[in-house]
Protein chains: 2
Amino acid sequence: MHLAPVEQSTPSRCVGCTARGRAVCSVFSPAAARAFDRLARPITLARGETLVWEDDDTLLVGFIVSGVVKLTASLADGREQILGLAGAGDMVGRPFGTRSSYSVTAVGPVRLCALGRPAFEQFAAAHPEVEHALLLRALDELDRARRWMLLLGRKSAGERVASLLVEFAERSPGNDVAFPLTRQQMGDLLGLSIETVSRELTKLRGAGLITLTDLKHFRVEDERCLRQRAA
Amino acid sequence: MHLAPVEQSTPSRCVGCTARGRAVCSVFSPAAARAFDRLARPITLARGETLVWEDDDTLLVGFIVSGVVKLTASLADGREQILGLAGAGDMVGRPFGTRSSYSVTAVGPVRLCALGRPAFEQFAAAHPEVEHALLLRALDELDRARRWMLLLGRKSAGERVASLLVEFAERSPGNDVAFPLTRQQMGDLLGLSIETVSRELTKLRGAGLITLTDLKHFRVEDERCLRQRAA
DNA sequence: CGTGTTCTTGAGAACGATCAATGGCGGTGG
DNA sequence: CCACCGCCATTGATCGTTCTCAAGAACACG
C-alpha cells in the first residue's frame, strides 16, 4: 500500500533531541510532536549574541537544546541585572505577550529550537497538556525569581556569593565545580560590583571553605559551612 | 415540570462576586463556575493574619475578593523581604507544588475564596481554559517579579522609592494617592531600611515632586520628574 | 611572545544601615 | 473630654559596607 499513514514518513526531529527529556516537549503526544516539528526550526547563537532585545516585540519562542542564555534587564545608564539563566530544556521568549521585558543573550554557544510566537500560541492552545507543562514551569520560575528577590533585597555581599556558589555546586555532579559565568556576570546576577565578588571569593578561600583550583574552577571544601554563610 | 435543569436551582455565589471581573474566575464556563462554587468556601483574614507560612505545605489555594495580602520571605535572623502584593482577583497559594517558599499575610482586612489545593488542581486540570488563564497570570507575575529584581539589584534608594510611588500613583485614579503600606512594609518591599524610605520621601517632598498631605496620603506634583527619578 | 581581556588587590569616597532621640497620631480608659 | 500610652514616622549622628577609581597580575588569544 502506498497510502501508508503519512505521519510515518515524516520522522520527528524531536525524537533524537538531546534536550527532549528535560523540556516541555517531553509531554508532547506523537501528534503534537509532529505538529511542533513542522513549526520549529533550529537556531544557533554564538557567545554574546542576543536572541531577544529588551522592550522589543517578542517574535520568537525557543527551547534550548544546549548551552546557557542569560535574561537581562538594564537601566538607561548601563547598569545591568541578570534576571535568570536558562539552560537545556528551558523555554525562552514570552508567549501570550507582545513586549519582552528583558534581553536574552547567549553566555556561550547555544543551540535552540525556535518557532514564531503566534504559531506557538496556537499550538499551545490546541494542546492542553502543553499548556499544563508550561504552567508548571512558569510557577517554578516564579518561585525561583522570588527566592532571588530575597537575596537581592536582604542578603549581604558575602551571603550572596556563598548562595551562588551553593547553587553552582548543586548543579554539578562532583565536588569540583566550574564557574559557568564570568565575575562580571556573577556580579550582574547578584547585584554586586565585580570587585566585591572577587573579594568575597578570596574571603571564602581564606576561610578554607573553597579552593580556587583555576580561575574557572573551584572545589567545595566545607559544604556545611558554605551553606551556613549563604544564610 | 419539576425536572427542570438542576443547575438552575443552585445559583452560583460567583455570580455576585465583586472580584469576578478581575479574577481567573472570569473565564469560567457556567458549568465550571458551579463546580468551583461547590469546592470553594469564603475565608476572612484580619490585618496581620497569615494564611500560608513560609516552608509549610500549601494546603490551600485562594482567590482574593477584597483587601491586600503580602508575600514575604525571610532569613533566620529576621530580615524580611516582601516578594509581592496580591489584591482583588489575584490568586494566592501554590498549586502543583507542595511547599510554599513564602508566607502570605493580610495587610488589612481580607476576604477570599479558598479551596483545598488538590481539589483546585483537579478542577484546573479538568478545565483547560482555567489553566490557560492561570498560565497568563503566572507569566505576568513572572515579568513583574523580574522587573522588581532590577530595582532590588541595581537601583539606588532614591530610585527605588520613586519607582514605588509611581506604581502607587498608577494604581490610583486621581492625583491624590494613599499609601497602601506602612513605611516598614515599603522598606521590606524595596530592600531598604525604614529610615532610608522616610528620608527619601522627604527629599522628594523637598524637591517639590510630591506633597505629603497626610502621613498616609501624598499628591504627585510633577509626574514627569518623578518618573525620571525612578530611572 | 606580545596584546587584550579578565581577575585581583588596594585606597578612598559614597551610600545606606544602625543607634538614638523626638514628634505626631490614634485608641483607650479614667 | 482629656490624659495617657503605644505605635509609627521623622530626623540626626555615626558606623560599616559596598562602590568607584586605579594599578598590577594572571590568563587567553593570535
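Given the structure is predicted, the values throughout are model-derived calculations rather than measurements. Residue numbering restarts at 1 for every chain, and letters A, B, ... go by the order of the sequence lines.
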Next item on the list: For residues Arg79(B) and Glu159(A), determine if any side-chain heavy atom of one lies less than 4.5 Å from a side-chain heavy atom of the other.
Entry: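 Contact flag for Arg79(B)/Glu159(A) side chains = yes.
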Check: Do Leu181(B) and Leu189(B) touch side chain to side chain, with heavy atoms closer than 4.5 Å?
Finding: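 Heavy-atom side-chain distance check passes, below 4.5 Å.
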Just compare [options] and give me whichever is closest to any side-chain atom of [X].
X	options	value
Leu215(A)	dC8(D), dC7(C), dT9(C)	dC7(C)
Arg199(A)	dC7(C), dG12(D), dT20(D)	dT20(D)
Arg205(B)	dG16(C), dT11(D), dT9(C)	dT11(D)
Arg183(A)	dC7(C), dA11(C), dT18(D)	dC7(C)
Ser193(B)	dT18(C), dG16(C), dC19(D)	dT18(C)

Rounded to whole angstrom units, what separation is found between the [atom1] atom of [X] and the [atom2] atom of [N]?
X	N	atom1	atom2	value
Phe179(B)	dC8(D)	CZ	C1'	13 Å
Gln184(A)	dC7(C)	CD	C1'	11 Å
Ile194(A)	dA26(D)	CD1	P	17 Å

Notebook entry, point to check: Do Glu195(A) side-chain and dC21(D) base share a donor-acceptor contact under 3.5 Å?
Noted result: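 Donor-acceptor pair under 3.5 Å: yes.
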Check: Could a donor-acceptor pair under 3.5 angstrom be found where the side chain of Arg160(B) meets the base of dG16(C)?
Finding: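 When only heavy-atom distances are counted, Arg160(B) does not reach the base of dG16(C) through any donor-acceptor pair under 3.5 Å.
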Taking only side-chain nitrogens and oxygens of [X], does any of them come within less than 4.0 Å of OP1 or OP2 of [N]?
X	N	result
Ser156(B)	dC15(C)	no
Thr196(A)	dT18(D)	no
Lys216(A)	dC7(C)	yes

Checklist line | Heavy-atom neighbours of Gln228(A) CD exceed 12 at 6.0 Å | finding: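 Incorrect, the count does not exceed 12.
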Notebook entry, point to check: Phe36(B) vs Phe63(B) aromatic rings, parallel, tilted or perpendicular, using cut-offs 30° and 60°?
Noted result: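 Phe36(B) vs Phe63(B) ring planes: perpendicular.
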